[in-house]
Structure formats: structure tokens, C-alpha cells
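Beneath this line is the structure, given in C-alpha cells, with notes to follow.
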Amino acid sequence: MNKLSIFQKLLFSHLFIGISTLLLITYLFYHSFKDALISRTVAQLTSINDLKQIYIEDYFEGMQQSTQLLVRNIPVTDLLEATSPKPDISGRDASFALLQQEFAYQDLLLFDTTLHLVYHQTYSFPYLADTSRAFKELQKLLKESLNTPQLGEVKLDGEYLFFSSAPVKDTSGTTIGVLLARLPASPMEYVLNLRNGIGNTGESYVVGADFRMRSHSRFFPEKPPQSIEVHTEAARNALQNIEGPFLVNDYRDVPVLSTYHRLDIPGLHWAIISEIDLEEAMQPVYQLRGSMFLIGIGVCFLITLLTWFVSLPLSQRIDGLKDIVLQLSKGILPKKTLHSNSYDEIGQMIQAMNELIQGLQRTSLFASEIGNGHLQSSYEPLSQEDTLGNALIQMRDKLKASHEKEMLMSRQRTTALLEGEENERRRISRELHDGIGQMLTAIQFKINSLEGQEQARREIKAILDETILEVRRISHNLMPSVLRDFGLEAALRSLCNRTAQTTGWQVNFSFDADPEAAVLSQEFITSLYRIAQEGIHNAVKHAQATRLDIVVDHETDQVQLRIRDNGKGFDWQAQKIRSGL
């Protein structure tokens, strides 16, 4: 996951959330719908099973009542009252045929009290007249029927036969025989085979105590019912009258929904079971599952599409921010800024990043200006909490203060140096004037007092006069007394006059002082005089001029000295190149 891009993470997270939500909803809805469908199907099966149970119980109860009515019928009692070793049954078949049609039984047998067969109507099953060879189940049923009416089943040649029996009594109430009626299974089969509400795989069937069917199976219609065993959980619970699960496997070992009841028929230990295949019952659920699968595919497609159109631009903007942050981490200021038309959080981040880049560019420019010595550059911090900007401003202020201090110290050193030079010049000038000058004057007086050798004396005197003038000139240049005694204007005017006399140039001098201007210090006056002296010297030496203008403006807040000549000048650009500026 750490190597996935933001777009991939967003796509996978959206798909995971969407699919998980869909699966959870599908699971809950599927199981809720499944449980509801099972409940509805089981309720419907239960209703069907209850109706068929009632019908079958009513059918056997009705047939038993019909048998009890039949024993009071005149042909039956007459037949038994007229019994003899060989009773005459001629003319009875028509009467019993009418009874069979009226009471809807399948066969009719009459027995005397010794259980010998007196009459057998249709011979729908074989029965030997010798009761000693009669099958035990029927013999047991007949014995019990001498006292009370009975319902029962008898297995003969692998087939179950259903009987209703009742004792036949004479007018005095004495039992004179037993009437045994074979009951048809077709009415029960008809009810069980009704297809209403049980679908294509639903069926209802009856199971006996031996776990064999008593009705035909719709899945194996060619098999006799008694040949089909039903050892299922539903059959066991039904025969034991126990409520159990609805979802079981049937006698085919197929999952089914099953409802069952024990039949309340005296003498018959039966259960009725109604079932439908789970697959058919769940068909709507399976269809829903398929529909939900298609919906899930559609939802995944929509999530992917939505993520593509929403997350891709988002991830692209984040990638742009990432590239800028990586460049900033390397100390590189991006030349291009990001553009965003949205005002969401990413858009605000992009706007903030652009402002940061612009701020860093201004900060970098400000730092460069400081590095180049432009300490007067202004800078506006990004905010009051702009650590870098405030630090640069503090650094600028400290550098400015340090520079000003250095300039002050430099000026102080220069002033001290100039002051020292001026003091030295004063000392030298004073020594030249007071020492050497006086000595040369004394020598001059001595030479003037000598007589003879007039020519040599005049030559020596000329040399001494010239030497005295040179000493005075040097002394004056070192420290003109007029500057000390009469001020800047007089000293500069004297300098201009001497320059005009020496060079023959036209030297124009102008001095303009504001009456409110402050008094200049001696150090400043000396420095300004030396500047003018050096400027005039350079013009005389290099300019090859014929005219020189010296202008001094002493204003209230400044002093301007302008020296201009009509000489040849020089190429400033070439001079910059030669000087490496």
C-alpha cells in the first residue's frame, strides 16, 4: 500500500467501501428476504398441510360413521340372522351394490362371531374362508371389531389395505357378526395430489409407523407406496408429534421446506407431510441474488467512474503540490505556480502554496539584496508569525547597524587619520616656518653682511631667497595659515588665485553660504579644503584645460563642492572596465 499513488488508494478505498457496503446490504437483504420467503412458504405449506390433514381425518371419520350406519342396514342384519352353514346369498349382490354406491366403499365382507366369512362382495383382495389361515393383522382387527368399531390397515402381499369395521347386532343388541368394509385410497390420493399453492416440486404424502408411504409419490408414480421408505427427520418428528425444523432433506435426500402433522385417526398411526424443494422455494431469492450481482457490477463501475472523474483531478493537483514541495525541500523555488478553479481544501492549499512561493521569492530577493549590501531594501513579512522574514529583517537591521557602526568607526578612523595628518602637517609647517625658515633668514642676514665677492654673494642670496620661498610654499600647502586664521572661503579663494597665477588659467571661484547654516567644524573645513586642493591638482596635472570653475554652496543641511574644467576628460565606461567594477 505504501507504493500506491493517491489515486490508486482512493480508487481501492472507494471500491472497498462500496463493495463492502453493497455486500453487507446484499447479505442482510438476502437473508432477510430468504427468511421472509421461507416463513411465507412454510406458512403456506402449513395451511395446505392443515387443510389436507382435516380432509383426510374427516374422510376416515366419515367412512367409519358410514360403516356404523351400514351395519344397521336391513340386508346386512338379515343376512347374518339367516346364517347357516351354507347361507343363501342369492339376490343379495344387487342390494349390496346399492350400498357400495351409496357409501362409497371398495369392498364389503361379513363375518359371523366365529370370524368365518359369510359374505364377500367384490373380491377386491383374496381371503380364504378358513380363518385359521387368515393373516394375523386382519384377524386381530376382526376380533377387536366384535366389541367396538375399528379403523385399521392390513398389509397383504406387500400392499396396504385400509379397513373400517363395526359389530353387527340383532334387535336385542347381541353381536351376531362383524362387517368389514375396505376403504378406497383414491379420495385420500386425490386430496394429496391437489397442486394448488405447492409449485412444481411440492407434494403431500402420508407416512405410516413403519416409515413407508401410504400414498403415491409424485416423483416415483410407478412405484407402489409401500416400497418407498421415508426415514427422514420430518417423518420421525411427525410420527412422534414433535415440532422440528422446517428445512430438512426429504426421502430423495434433497433439501426441502417441510411441514408435517400427526393424523388424528384412531387405529392408524400416520403422519401427513407437505414439502417443496428448497431450490424452487428460493427461486425469487436466487433471482434477487443474480440481480444484486448485476447491481454490484454496476455499482463498482459507477464507483470506478466516479473515482476516476473526481479523484484523478484531485490526485493530479496533489501530485502538483508534491512536486513543488519536493523542489522546495531541495531549496529550489519553482518558476511556475499551480492553478486551481476550485475552492475546496486542495484549492486552498494550492493558493496558500502559491502565496508561499511568491513570499519565498520575495524573501530570496530580499536576502540577495542584503547579501549585495543593499541594506535599505524594504520587505513586508508574510505575516506576523513569518519566522524567516522576521529573521531576515532582524539580520538586515543588525547588518545596517553594524554597517553604520563600521562607517562611523571608519569615519572616526579617517577623521583621526586626517586629524593626525593635519596635526603632522601643522607640526612640519611650524617647524619649517619656525626652524628652517628662521635659519635660512639668519643665513640671508649673514650673507648680506659679507663684503666682497659681490657676484658670489648675489648668487647665494638668490638661491636662499628661492629656498625660502619654496619652504614657505611647502609650509603653506601643508597648513595654510589663512585657513586657520580666516576660514574656508578665504583659503579657497587664495588657492584659486595662486592656481591662476601659476597656470595662467581662468579660475572662477564662487562661495554661497546660507545665513542659517550651521558653523562647520575645523575638521570638516580642513577635509573640504583638501578635497578642493586635490581636485585642482588633478585638473592641472591631467585635464589640459584653460578654465577652472570652483563653486561652494553652504546650505542648512549640506555643503556642496563642485569643480569643473574644460579639459579633455576620460571615458567612464572604459575606466570601469579597466578598474574591474
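Below, each value reflects all heavy atoms present in this structure, side chains not excepted, and no hydrogens, waters or symmetry copies. Just so you know, these numbers come straight off a predicted model, no measurement behind them.
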Could you list the donor-acceptor pairs under 3.5 angstrom formed between side-chain atoms of residues 202-210 and any protein atom two or more places apart in sequence or on another chain?
| unit_1 | atom_1 | unit_2 | atom_2 | d |
| --- | --- | --- | --- | --- |
| Glu203 | OE1 | Arg218 | N | 3.3 |
| Glu203 | OE1 | Tyr251 | OH | 3.4 |
| Glu203 | OE2 | Tyr251 | OH | 2.5 |
| Ser204 | OG | Lys52 | NZ | 3.4 |
| Ser204 | OG | Ser274 | OG | 2.8 |
| Tyr205 | OH | Glu275 | OE1 | 3.1 |
| Tyr205 | OH | Glu275 | OE2 | 3.4 |
| Asp210 | OD1 | Arg212 | N | 3.2 |
| Asp210 | OD1 | Arg214 | NH1 | 3.0 |
| Asp210 | OD1 | Arg214 | NH2 | 3.0 |
| Asp210 | OD2 | Tyr160 | OH | 2.1 |

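- Between atom CZ of residue Phe220 and atom OG of residue Ser227 there is a gap of 10.0 Å, rounded to the nearest 0.5 Å.
- Scanning for ring-ring contact (aromatic ring centres under 6.0 Å, His included) contacts around Phe211 gives His231, with sequence neighbours left out.
- A distance-only check finds a donor-acceptor pair linking the side chain of Ser145 to the backbone of Leu141 [under 3.5 Å].
- Evaluation of the side chain to side chain donor-acceptor pair (under 3.5 Å) rule for Ser20 yields no partner, not counting sequence neighbours.
- Rounded to the nearest 0.5 angstrom, Leu109 CG and Leu117 CG are separated by 5.5 Å.
- Residues Val71 and Lys169 fail the side-chain proximity criterion, which asks for heavy atoms closer than 4.5 Å.
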Item checked: side chain to side chain contact (heavy atoms under 4.5 Å, CB included) between Val248 and Asn237, intermediate numbers included -> CA-CA 11 Å; Val248 296; Asn237 290 338; over 6 Å; no
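- For the salt bridge (charged side-chain N to carboxylate O under 4.0 Å, His left out) test, residues two or more places apart in sequence or in another chain that qualify with Asp277 are Arg252.
- The shortest heavy-atom contact between Ile276 and Ala281 is CG2-CB, 4.3 Å.
- A distance of 13.0 Å separates CG in Asp58 from CE in Met63, rounded to the nearest 0.5 Å.
- Remark: Phe246 pairs with no residue by the ring-ring contact (aromatic ring centres under 6.0 Å, His included) rule, at least two apart or across chains.
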Next item on the list: Take Leu142 and Leu146 through the test side chain to side chain contact (heavy atoms under 4.5 Å, CB included) and record every step on the way to the result.
Entry: CA-CA 7 Å; Leu142 291 174; Leu146 289 173; over 6 Å; no
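- Heavy-atom minimum distance, Ala234 versus Ile273: C-CD1, 4.3 Å.
- Donor-acceptor pairing under 3.5 Å is recorded for the side chains of Asp107 and Thr122.
- Closest non-hydrogen pair, Thr201 versus Phe219, comes out as O-CZ, 3.4 Å.
- Expressed to the nearest 0.5 Å, how far CD of Gln53 lies from CZ of Arg262 amounts to 11.5 Å.
- The shortest heavy-atom contact between Val168 and Leu179 is CG2-N, 3.7 Å.
- The main-chain N or O of His216 is found under 3.5 Å from a side-chain atom of Glu189 such that the two form a donor-acceptor pair.
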Item checked: Test log, rule side chain to side chain contact (heavy atoms under 4.5 Å, CB included), inputs Lys34 and Leu37 -> CA-CA 5 Å; Lys34 178 181 178 181; Leu37 186 60; 5.7 Å; no
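- For Asn49 (side chain) and Leu45 (main-chain N/O), no donor-acceptor pair under 3.5 Å exists by modelled atom type.
- No more than 12 heavy atoms of other residues, nucleotides or ligands lie within 6.0 Å of CD in Glu279, so this atom counts as exposed by the packing criterion.
- Glu159 is linked by a salt bridge (charged side-chain N to carboxylate O under 4.0 Å, His left out) to Arg182, counting only residues two or more places apart in sequence or in another chain.
- At a threshold of 4.5 Å between non-hydrogen side-chain atoms, the residues Thr259 and Ile48 do not count as touching.
- Residues Arg72 and Leu69 meet the side-chain proximity criterion, which asks for heavy atoms closer than 4.5 Å.
- The shortest non-hydrogen separation linking Pro184 to Tyr59 is O-OH, 2.6 Å.
- Contact of the Pro149 side chain with the Thr67 side chain is not registered, since no non-hydrogen atoms from C-beta on lie closer than 4.5 Å.
- In this structure, Leu247 CG and Ser258 OG are separated by 9.5 Å, a value rounded to the nearest 0.5 Å.
- The line from CG of Leu138 to CG of Leu161 is 9.0 Å long, rounded to the nearest 0.5 Å.
- Between Pro255 and Asn249, the shortest heavy-atom distance links the atoms CA-OD1, 3.4 Å.
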Margin query: Using side chain to side chain contact (heavy atoms under 4.5 Å, CB included), reason through Leu194 and Tyr190 one step at a time and then give a plain yes or no.
Written below: CA-CA 6 Å; Leu194 290 175; Tyr190 172 79; 4.0 Å; yes
